[in-house]
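Have a look at the structure below, then the notes.
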Amino acid sequence: MSALAPPLIAWYRENARDLPWRRDGFGAWGILVSEFMLQQTPVARVIPHLEAWLSRWPDAAALAAAAPGDAVAQWANLGYPRRALWLHRAAVQVRDRHDGVVPRDVDALLALSGIGDYTARAVAVFAYGDRHPVVDTNTRRVLARVLEGRAQPGPPAKEDLVRMEGVLPEDRADAAIVNAAAMELGATVCTARSPRCDACPLAEICRWRAEGFPASPDLRRRQARYEGSDRHARGAVLGILRGAAPDDVDLAALLAEWPDARQRDRAIDSLVADGLVEVVADRARLPR
DNA sequence: GAACCGTGGCG
DNA sequence: TCGCCAAGGTT
């Protein structure tokens, strides 16, 4: 067993946050929905939306029976609304391919819309207790620091899964805890900006700390400015349509005051191309 | 592999 | 104020 596993397991048992999707019996569907919502959206903002979502659509078949636009509207301001559409498509696929039961097999999960390496393994591990490496941005940062002595991880790579596999204990239940613990440690202690090494169970074996916290060359690309961007225009258009749903909106009135008409039209076109918006005659609406 | 895709909180 | 960051995935 890796030297990381025992202290991670002990620390997690004492310090894990009490999050809804960690409660016994939360269910594979709830965990799947939570993982979709947690893709790039902070935990605190997800929790109330998750509970509302599951109250409305308690299983995959329920969501699959709804209109995709209902999912987009219910998604509200969680961001990246394509995820709502993908989650709806995944629900339809679960209904049609798996009799409404969220699959357990990683390849079957990977074949669902909006599910990649992280989400597929997270569901298999946290919903079903199977043994796979689960690697998110927190885990990558923890491993980069502890094992490589780097302040920040490199870009995501398949190699990350191999590295995490090398950290996991053989026992499935222990492996699941180590996966969760690495994520939890990165989220609450080994954070990106101001790590609290005094509270870290891996401090004594951390290479980054041993080497004096060297700054690593920062290869991360800067996030593009949001104000005035195409994403901003898309967000504004969709926000209006969410507010009007289930009614439609006159296309000419839609975002009439947006400063750049070319950009506004490009936003609408791209939303239509993504399936997030429908235009019928001279009116726009969320998809039915 | 790079570019693109929302939204809000925090230092 | 402003840049960084957040349980990623698709094209």
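Every heavy atom of this structure was used, including side-chain atoms; hydrogens, water molecules and symmetry mates were not. The chains referred to below are lettered A, B, ... by the order of the sequence lines, with proteins before strands, and numbering in each begins at 1.
Backbone-only engagement by A:A192 is indicated by non-hydrogen atom pairs under 4.0 Å involving sugar-phosphate atoms exclusively. Using a 4.0 Å heavy-atom distance criterion, A:G79 is classed as a base contact. Looking at heavy-atom distances under 4.0 Å, A:I115 makes contact with sugar-phosphate atoms alone, never a base. Among the protein residues, A:S270 comes within range of no part of the nucleic acid, since none of its heavy atoms lies under 4.0 Å from any strand. If you check every strand for non-hydrogen atoms under 4.0 Å, A:T139 touches nothing. Within 4.0 Å of A:D274, counting heavy atoms only, lies no atom of the nucleic acid at all. Looking at heavy-atom distances under 4.0 Å, A:W21 makes contact with a base. Nucleic acid contact class of A:R193 (heavy atoms, under 4.0 Å, all strands): base. Nucleic acid contact for A:P81: sugar-phosphate only, since backbone atoms but no base atoms lie under 4.0 Å from a heavy atom of the residue.
Both A:G114 and A:R22 lie close to DNA chain C; mapped to their nearest nucleotides by heavy-atom distance, the more 5′-ward contact belongs to A:R22. Mapped onto DNA chain B by nearest heavy atom, A:P155 and A:Q40 fall at different nucleotides, with A:P155 at the one closer to the 5' end. Of the residues near DNA chain B, A:P156 and A:L276, the one whose nearest nucleotide (by heavy atom distance) lies more toward the 5' end is A:P156.
Close to B:dG6, at under 4.0 Å from its OP1 or OP2, lies no side-chain N or O of A:N77. For A:Y226 and B:dT7, the shortest distance from a side-chain N or O to OP1 or OP2 is below 4.0 Å. For B:dC4, the OP1/OP2 oxygens have no side-chain nitrogen or oxygen of A:R225 closer than 4.0 Å. Side-chain N/O atoms of A:Q39 include none lying less than 4.0 angstrom from OP1 or OP2 on C:dG8. Distances shorter than 4.0 Å separate some side-chain N or O of A:R242 from OP1 or OP2 on B:dT7. For A:R222, a side-chain nitrogen or oxygen approaches OP1 or OP2 of C:dC4 to under 4.0 Å. For the pair A:S113 and C:dG9, the criterion of a side-chain N or O lying under 4.0 Å from OP1 or OP2 is not met. Distances shorter than 4.0 Å separate none of the side-chain N or O atoms of A:R83 from OP1 or OP2 on C:dG8.
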**Q.** Test side-chain contact (heavy atoms from CB on, under 4.5 Å) applied to A:V135 and A:R140, step by step
**A.** CA-CA 7 Å; A:V135 178; A:R140 293 194 307 108; 3.3 Å; yes
Q: Apply salt bridge (charged side-chain N to carboxylate O under 4.0 Å, His left out) to A:E148 and A:R163, showing your working.
A: CA-CA 11 Å; A:E148 300 178 56; A:R163 184 170 294 107; 3.7 Å; yes
Q: Please assess A:R17 against A:E184 for the test salt bridge (charged side-chain N to carboxylate O under 4.0 Å, His left out), listing each intermediate value before the final yes or no.
A: CA-CA 8 Å; A:R17 292 168 292 177; A:E184 185 76 354; 2.8 Å; yes
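Between the base of B:dG6 and the side chain of A:T41 there is a donor-acceptor pair shorter than 3.5 Å. The base of C:dC5 lies close enough to the side chain of A:Q223 for a donor and an acceptor atom to sit less than 3.5 Å apart. Interface remark: the A:R45 side chain does not form any donor-acceptor pair with the B:dG8 base, using a distance-only criterion of under 3.5 Å.
Computed from coordinates, the A:D160 CG to C:dG9 P distance equals 12 Å when rounded to whole Å. Between A:L161 atom CG and C:dG9 atom P the separation is 11 Å, expressed in whole Å. Taking atom CE of A:M37 as the reference point, atom P of B:dT7 lies 15 Å away to the nearest angstrom. Atom pair A:Y118:OH and C:dA6:C1' shows a separation of 12 Å (rounding to whole Å applied). Put simply, CZ on A:R234 is 12 Å from P on B:dC4, counting in whole angstrom units. Between the CG atom of A:L38 and the C1' atom of B:dG6 there is a distance of 15 Å, given to the nearest Å. Put simply, CH2 on A:W86 is 11 Å from P on B:dC5, counting in whole angstrom units. The distance from atom CD1 of A:I47 to atom P of C:dA7 is 12 Å, rounded to the nearest whole Å.
Considering CG of A:L32 and CG of A:L109, their distance stands at 7.5 Å, rounded to 0.5 Å. The CG atom of A:L50 sits 13.0 Å away from atom CZ of A:F36, with the distance rounded to the nearest 0.5 Å.
Salt-bridge annotation for A:R266 and A:D269: absent, with no side-chain N of the basic residue lying under 4.0 Å from a carboxylate O of the acidic one.
Two residues are said to be in side-chain contact when any heavy atoms from C-beta on lie closer than 4.5 Å; A:Q93 and A:H98 fail this criterion.
Around CZ of A:R262, the count of heavy atoms belonging to other residues, nucleotides or ligands within 6.0 Å does not exceed 12.
When distances are taken from the side chain of A:Y80 to each of C:dG9, B:dC5, B:dT7, the shortest belongs to B:dC5. Checking C:dG9, B:dT7, C:dA7 against every side-chain atom of A:R82, the shortest atom distance belongs to C:dG9.
On the P atoms, B:dG8 is 23 Å away from C:dG9, given to the nearest whole Å. The same atom, P, is picked in B:dC4 and in C:dA7; the two are 24 Å apart, to the nearest Å.
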